[in-house]
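Quick notes on the structure that follows.
Atoms within each ligand, like the ligands themselves, are counted from 1 in listed order. Since the model is a prediction, treat every value here as computed from it, not as a measurement.
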Amino acid sequence: MYNVSIIGASGYTGAQLVQLVHQHPALSLEGTYVSENSADAGKNIAALHGNLAHLNYTLTPISNDILVELATEMDFVLLATPHEASHDWMETLSAGKAKILDLSGAFRIKDTQVFEQFYGFPHTATTSLKKAIYGLAEWYEDDIAQADIIAVPGCYPTASLSALKPLAASGLLDDAVRPVINAVSGVSGAGRKASLTSSFYEVSLQAYGVLGHRHTPEIEAYLATPVIFTPHLGNFKRGILATVTVKLNQGVTSAQLDAAFTEAYANAPIVRLRASFPKIDDVAHTPFVDLHWKFDEASGYAVITAAIDNVMKGAASQAIQCLNIMTAQPVETGLVQ
Ligand SMILES: NC(=O)C1=CN([C@@H]2O[C@H](COP(=O)(O)OP(=O)(O)OC[C@H]3O[C@@H](n4cnc5c(N)ncnc54)[C@H](OP(=O)(O)O)[C@@H]3O)[C@@H](O)[C@H]2O)C=CC1
Ligand SMILES: CC(=O)N[C@@H](CCC(=O)OP(=O)(O)O)C(=O)O
């Protein structure tokens, strides 16, 4: 068994991790932490999340001493914390034997200038940043297997890159035309803390972060191509539907497009190539990425849809996929029966 602790365990992704680690056959959940002055310190996770009412884990306030202890005693520490907290703690946490999987955006972007521009604070944890491996599980398996620090991808980049990377890898994308990604997320993407913009009465389908969302440079970095990315907030709880429009090189055939997806995901049990356009309800509360596409050979334009659960494949279950790879277990262990 591998010893695991979760920091930020009371939030949406943290609580999902508690459930996934608890049910995993090879993982033992040793500690569940919240911030030093958390209003939930000392409470049981069961009291906060009704779906975890059968579990018994106390939320302990984190401290510097505990971070040092976790670094030396845990096999894995999962960070489901704000970007700033993950950034500030990584050097301490990664100084021991523990391997760290960070769900925040703090270690995904290697260019520190771009990072500061989009995250609003300077990156100073440079040693950890250099070591961090991007945890898009279907695409960086060999690097993930050797990693000490995993930057788990953002939810929108997971959906977008799952749709786009097969095309880039097969050289089908027309470099002259940027892929256009329109994606809709449920409100859990904004986290558990109360805010007016994600409150039930206020949310009505709307674009936000237009031409400036922090996931744009993340998608571009791991696709190696500029994109137009427009996120929308929808009035539902969980899931992301990303509709991606691309121009393919002249002469590309439907058969080549189909082959790009079937070959890329031939050994990927978490990716489901669907016979029709997927719905969010098909993937909500599951670890899957569902994909479907349609191609107009005459114009060279293709439309691909990717559906994921933002809290699962967009965060917690993708972290578990990475952990499975790091421990040489089948990637779907503890996720798919
Ligand atoms: N929600 C989603 O769909 C996705 C989220 N992410 C990323 O995952 C991380 C967690 O997101 P999410 O679960 O939605 O967030 P939540 O707001 O739901 O939860 C945040 C958690 O972190 C704790 N926390 C807050 N501030 C600190 C701090 N300074 N030190 C330690 N703990 C702290 C909170 O508890 P308390 O404040 O009581 O201490 C809570 O447990 C974020 O970085 C987010 O960007 C990534 C992909 C998808
Ligand atoms: C609906 C909503 O607000 N979503 C969040 C994205 C959450 C997430 O995946 O991203 P990070 O890990 O990069 O924070 C947003 O747009 O900021």
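A side-chain donor-acceptor contact under 3.5 Å links Gln321 and Glu138. Checking His87 against Asp102 by side-chain atom types alone, no donor-acceptor pair falls below 3.5 Å. Side-chain contact, Asn310 with Ser185: no donor N or O sits under 3.5 Å from an acceptor N or O. Looking only at atom types and distance, the side chain of Asp65 has no donor-acceptor partner in the side chain of Ser63 under 3.5 Å away. At a cut-off of 3.5 Å, with distance as the only test, a side-chain donor of Thr158 or Gln318 sits close to an acceptor on the other residue. The closest side-chain donor-acceptor pair between Glu297 and Ser254 falls under 3.5 angstrom. Inspection of the Gln113 and Glu116 side chains reveals no N or O donor paired with an N or O acceptor under 3.5 Å. With hydrogens and angles left out, the side-chain atoms of Asn64 and Trp89 include no donor and acceptor closer than 3.5 Å.
The ligand atoms of ligand 1 that sit less than 4.0 angstrom from a heavy atom of Ser35 are 27 (C), 28 (C), 30 (N), 31 (C), 32 (N), 33 (C), 36 (P), 37 (O), 39 (O). Heavy-atom proximity to Ala190, at under 4.0 Å, picks out these atoms of ligand 2: 1 (C), 2 (C), 3 (O). Each of the following atoms of ligand 1 lies closer than 4.0 Å to a heavy atom of Ala315: 47 (C), 48 (C). Close contacts of ligand 1 with Gly189, meaning ligand atoms under 4.0 Å from a residue heavy atom, involve 1 (N), 2 (C), 3 (O). Near Arg192, the atoms of ligand 1 lying under 4.0 angstrom from a non-hydrogen atom of the residue are 16 (P), 17 (O), 18 (O). Within ligand 2, counting atoms from 1 as listed, the ones closer than 4.0 Å to a heavy atom of His213 are 15 (C), 16 (O), 17 (O). Distances below 4.0 Å separate heavy atoms of Leu103 from the following atoms of ligand 2: 12 (O). Counting the atoms of ligand 1 from 1 in the order shown, those under 4.0 Å from a heavy atom of Trp89 are 30 (N), 31 (C). Close approach of ligand 1 to Tyr12 is summarised as follows: ligand atoms under 4.0 Å from at least one heavy atom of the residue are 13 (O), 18 (O). Within ligand 1, the atoms closer than 4.0 Å to a non-hydrogen atom of Gly314 are 47 (C), 48 (C), numbered from 1 in the order shown.
Side-chain atoms of Tyr208 and Thr197, non-hydrogen and from C-beta on, never get closer than 4.5 Å to each other. Contact of the Pro287 side chain with the Val336 side chain is registered, since non-hydrogen atoms from C-beta on lie closer than 4.5 Å. Tyr134 places none of its side-chain heavy atoms less than 4.5 Å from the side chain of Val152.
Among all protein heavy atoms, the one lying closest to atom 6 (N) of ligand 1 is Leu103 O, 3.8 Å. Scanning all protein heavy atoms for the shortest distance to atom 3 (O) of ligand 1 gives Asn310 ND2, 2.9 Å. Atom 9 (O) of ligand 2 has as its closest protein heavy atom Cys155 SG, 2.6 Å. Counting only heavy atoms of the protein, atom 35 (O) of ligand 1 lies nearest to Ser10 OG, 3.2 Å. When only non-hydrogen protein atoms are considered, atom 5 (C) of ligand 1 lies nearest to Thr13 CG2, 3.7 Å. Looking only at protein heavy atoms, the nearest one to atom 9 (C) of ligand 1 is Thr81 O, 3.4 Å. Among protein heavy atoms, the minimum distance from atom 38 (O) of ligand 1 is reached at Ser38 OG, 2.5 Å. Of the protein's non-hydrogen atoms, the one nearest atom 21 (C) of ligand 1 is Ala80 O, 3.5 Å. Residue, atom and distance of the protein heavy atom nearest to atom 11 (P) of ligand 2 are Arg214 NH2, 3.1 Å. Scanning the protein for heavy atoms near atom 24 (N) of ligand 1, the closest one is Pro82 CD, 3.8 Å. Among all non-hydrogen protein atoms, the one lying nearest atom 2 (C) of ligand 2 is Tyr208 OH, 3.3 Å.
Counting heavy-atom neighbours within 6.0 Å of Leu211 CG, excluding the residue itself, gives a total of 12 or less. Counted within 6.0 Å of CD on Glu332, heavy atoms from surrounding residues, nucleotides or ligands total more than 12; the atom is thus considered enclosed. With a 6.0 Å radius and a threshold of 12 heavy atoms from other residues, nucleotides or ligands, Lys97 has its NZ atom above the threshold.
Using 4.0 Å as the threshold, Ser185 has a heavy atom nearer than that to some atom of ligand 2. Ligand 2 is never approached by Val187 to a heavy-atom distance shorter than 4.0 Å.
Counting heavy atoms under 4.0 Å from ligand 2, residue Leu233 touches it through the side chain alone. Under 4.0 angstrom from ligand 2, there are no non-hydrogen atoms of Glu218. Using a 4.0 Å cut-off between heavy atoms, Ser188 contacts ligand 1 through its backbone alone, with no side-chain atom that close.
Taking the six-membered ring for Trp and the full ring otherwise, the centers of Tyr57 and His22 sit less than 6.0 Å from each other. Taking the six-membered ring for Trp and the full ring otherwise, the centers of His213 and Tyr156 sit less than 6.0 Å from each other.
For ligand 1, the polar-atom distance check finds an N/O of Gly8 within less than 3.5 Å of one of the ligand's N/O atoms. In terms of polar-atom proximity, defined here as any N/O pair under 3.5 Å, Arg214 makes no such contact with ligand 1. Residue Arg108 places no N or O, backbone or side chain, under 3.5 Å from any N or O of ligand 1. Checked by distance only, ligand 1 and Gly105 stay at 3.5 Å or farther apart across all their nitrogen or oxygen atoms. Taking distance alone, with nitrogen or oxygen atoms compared against 3.5 Å, Tyr156 stays at or beyond that limit from ligand 2. The N/O atoms of Arg108, backbone and side chain alike, include one that comes under 3.5 Å of an N/O atom in ligand 2. Distances between N or O atoms of Ser104 and those of ligand 2 include no value under 3.5 Å. Considering backbone and side-chain atoms alike, Gly189 places an N or O below 3.5 Å from some N or O of ligand 2. The shortest N or O to N or O distance between Tyr119 and ligand 2 is not under 3.5 Å.
Ring-plane geometry between Tyr119 and Phe121 is classed as perpendicular, the angle between the planes exceeding 60 degrees on a 0 to 90 degree scale with a lower cut at 30.
Remark: Asp40 engages Arg192 in a salt bridge, criterion side-chain N to carboxylate O under 4.0 Å. The pair Asp282-Arg274 counts as a salt bridge, with a side-chain nitrogen and a carboxylate oxygen less than 4.0 angstrom apart.
Of the protein's heavy atoms, at least one falls inside 4.0 Å of atom 33 (C) of ligand 1.
Residue Leu273 is not grouped with residue Val303 when hydrophobic side chains (ILVMFWY) are merged at heavy-atom distances under 4.5 angstrom, including chains of intermediate members.
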